[in-house]
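A short write-up of the structure that comes next.
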Amino acid sequence: MIIYHTTFHLSDEIYPEGLNYLKAAYIPAATRSGVLHSPKMQRVLNEENEGGGVSLSVQFLVADTKLLEDWMNKEGSRLQQAMMEKFQDQIAGFSTLLEEIEL
C-alpha cells in the first residue's frame with residue numbers, strides 16, 4: 001500500500017476558505033474514482049513559518065504507484081489546476097510517496 005501525502009501551505013488570508021475547499025471539494029473529488037481512498041488531514045504543528053500561513057497534511061491510500069500515476073494524469077492534474085485557478089499563489093503544495101512497512 002502506498003501513501004500519497006501532500007503538504008499544502010495556505011496563506012492566512014485564505015485559510016478558512018482553503019480549509020473548507022480541501023474538505024468539501026478537493027478531497028471528495030480526489031476519492032470519487034476509488035483509486036485514492038481513506039483520506040486523512042492533519043495540521044502541521046512543528047513548522048517555523050516567518051511568513052505566516054498554515055500548513056496542512058493531506059494523505060490518501062492507493063494500491064500502487066501505477067494506479068497513482070494514472071490518477072495523476074487523468075484526475076489529479078485537473079484538481080490541481082482548479083485549485084490554482086481558485087487560490088492562485090495563496091496556496092502551494094508538495095507531494096511525497098510513502099510505502100508502508102509492517103512493524
Side-chain angles (χ1 to χ4, degrees):
M1 189 65 57
I2 302 297
I3 300 168
Y4 175 51
H5 170 262
T6 303
T7 299
F8 292 102
H9 185 78
L10 292 72
S11 71
D12 289 326
E13 293 80 25
I14 61 103
Y15 175 68
E17 182 183 5
L19 175 63
N20 186 57
Y21 180 84
L22 288 170
K23 288 180 176 181
Y26 182 86
I27 291 172
T31 58
R32 191 165 293 125
S33 69
V35 173
L36 302 184
H37 59 90
S38 306
K40 293 181 182 180
M41 182 187 299
Q42 301 87 19
R43 182 174 175 164
V44 178
L45 296 178
N46 64 342
E47 64 183 330
E48 293 182 22
N49 189 355
E50 296 173 11
V54 177
S55 291
L56 300 171
S57 166
V58 177
Q59 298 179 351
F60 302 94
L61 297 181
V62 60
D64 58 53
T65 56
K66 175 66 173 125
L67 283 173
L68 179 59
E69 184 179 332
D70 290 345
W71 179 88
M72 296 276 289
N73 290 330
K74 294 175 186 170
E75 300 174 52
S77 60
R78 188 180 75 246
L79 286 175
Q80 181 180 9
Q81 181 65 32
M83 184 183 301
M84 292 300 108
E85 288 175 8
K86 182 170 184 64
F87 296 108
Q88 298 169 5
D89 64 347
Q90 298 292 305
I91 190 168
F94 67 91
S95 298
T96 307
L97 298 183
L98 308 168
E99 183 177 26
E100 288 188 78
I101 297 174
E102 289 191 39
L103 298 178

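Model, not experiment: these values are computed from the prediction.
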Show me the donor-acceptor pairs, under 3.5 Å and distance only, between side chains in residues 88-99 and residues at least two apart or in other chains.
from, atom 1, to, atom 2, distance (Å)
Gln90, OE1, Ser11, OG, 2.4
Ser95, OG, Tyr4, OH, 3.4
Ser95, OG, Thr6, OG1, 2.8

Contacts table for residues 25-32: side-chain donor-acceptor under 3.5 angstrom, sequence neighbours left out:
from, atom 1, to, atom 2, distance (Å)
Thr31, OG1, Ile27, O, 3.0
Thr31, OG1, Pro28, O, 3.3

Candidate pair Tyr15 and Asn20, rule side chain to side chain contact (heavy atoms under 4.5 Å, CB included), full reasoning
CA-CA 8 Å; Tyr15 175 68; Asn20 186 57; over 6 Å; no
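One distance of note links CG of Leu61 with CD1 of Ile2; it measures 10.0 Å at 0.5 Å rounding. For the atom pair NE2 (His5) and OG (Ser57), the distance works out to 3.0 Å, reported to the nearest 0.5 Å. We find the CG-CG distance between Leu19 and Leu56 to be 6.0 Å, quoted to the nearest 0.5 Å. To the nearest 0.5 Å, atoms CD1 (Ile101) and CE (Met1) are separated by 15.0 Å.
Remark: Lys40 engages Gln42 in a side-chain contact (heavy atoms from CB on, under 4.5 Å) (not counting sequence neighbours). Scanning for ring-ring contact (aromatic ring centres under 6.0 Å, His included) contacts around Phe60 gives an empty result, with sequence neighbours left out. The salt bridge (Lys or Arg N to Asp or Glu O under 4.0 Å) test applied to Lys86 returns Glu17, not counting sequence neighbours. Among residues two or more places apart in sequence or in another chain, the side-chain hydrogen bond (donor to acceptor under 3.5 Å, both in side chains) test is passed with Gln81 by Glu85.
There is no path of hydrophobic side-chain contacts, each under 4.5 Å, that joins Ile3 to Leu68.
Screening residues 67-80 for salt bridge (Lys or Arg N to Asp or Glu O under 4.0 Å), with sequence neighbours left out, gives Lys66-Asp70.
No side-chain heavy atom of Val54 sits less than 4.5 Å from a side-chain heavy atom of His9. Residues Trp71 and Ser33 are in side-chain contact: their nearest non-hydrogen atoms beyond the backbone lie under 4.5 Å apart.
The main-chain N or O of Gly52 is never found under 3.5 Å from a side-chain atom of Asp12 such that the two would form a donor-acceptor pair.
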